[in-house]
Amino acid sequence: MSKEHDGMICRACGNEERASEGYPCTECGTFICIICSLRGVSLCKECAAKSDKTPSAAPGDS
Ligand SMILES: [Zn+2]
Ligand SMILES: [Zn+2]
């Protein structure tokens, strides 16, 4: 193979970007592309949605 495919799907914007240039989600470690990182996105869609619903710690169930 002469062309290496190191693309990964960004879990924030859904685009396929180079894995070597991306960053992990600070919450779950899934791939976030460098474009999102430059926009200030450090969380994937799922984690962003979660943190949006629960800005602070969830109520304890103890
Ligand atoms: Zn992205
Ligand atoms: Zn995440």
Side-chain angles (χ1 to χ4, degrees):
M1 278 189 212
S2 55
K3 197 176 181 185
E4 257 186 65
H5 185 80
D6 73 337
M8 284 185 76
I9 302 297
C10 169
R11 293 303 174 188
C13 69
N15 287 337
E16 185 175 321
E17 301 291 346
R18 294 187 65 179
S20 54
E21 292 176 351
Y23 294 87
C25 167
T26 55
E27 192 68 28
C28 70
T30 199
F31 177 67
I32 305 292
C33 73
I34 192 166
I35 295 161
C36 288
S37 296
L38 289 174
R39 284 178 182 159
V41 176
S42 57
L43 295 172
C44 70
K45 252 182 190 171
E46 284 183 29
C47 292
K50 277 186 216 164
S51 63
D52 205 39
K53 284 174 190 170
T54 56
S56 56
D61 59 345
S62 60

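Counting convention: from 1, in listed order, for ligands and their atoms alike. Positions are given from 1, in the same order as the sequence printed here. Computed from heavy atoms alone, side chains included, the values below leave out hydrogens, waters and symmetry copies. Just so you know, these numbers come straight off a predicted model, no measurement behind them.
Shown here for S20 and D6, the closest heavy-atom pair between the two residues is OG-OD2, 3.1 Å.
When rounded to 10 degrees, the angle formed at the Zn ion (ligand 2) by SG (C44) and SG (C28) equals 110°. To the nearest 10 degrees, the angle centred on the Zn ion (ligand 1) between SG in C33 and SG in C36 reads 110°. The SG atom of C25, the Zn ion (ligand 2) and the SG atom of C47 define an angle of 110° (nearest 10 degrees).
The 12-atom threshold is exceeded at CD of E21, counting heavy atoms of other residues, nucleotides or ligands nearer than 6.0 Å. Environment of CD in E46: sparse, with no more than 12 heavy atoms of neighbouring residues, nucleotides or ligands closer than 6.0 Å.
L43 is listed as a side-chain neighbour of S51, based on a closest heavy-atom distance under 4.5 Å.
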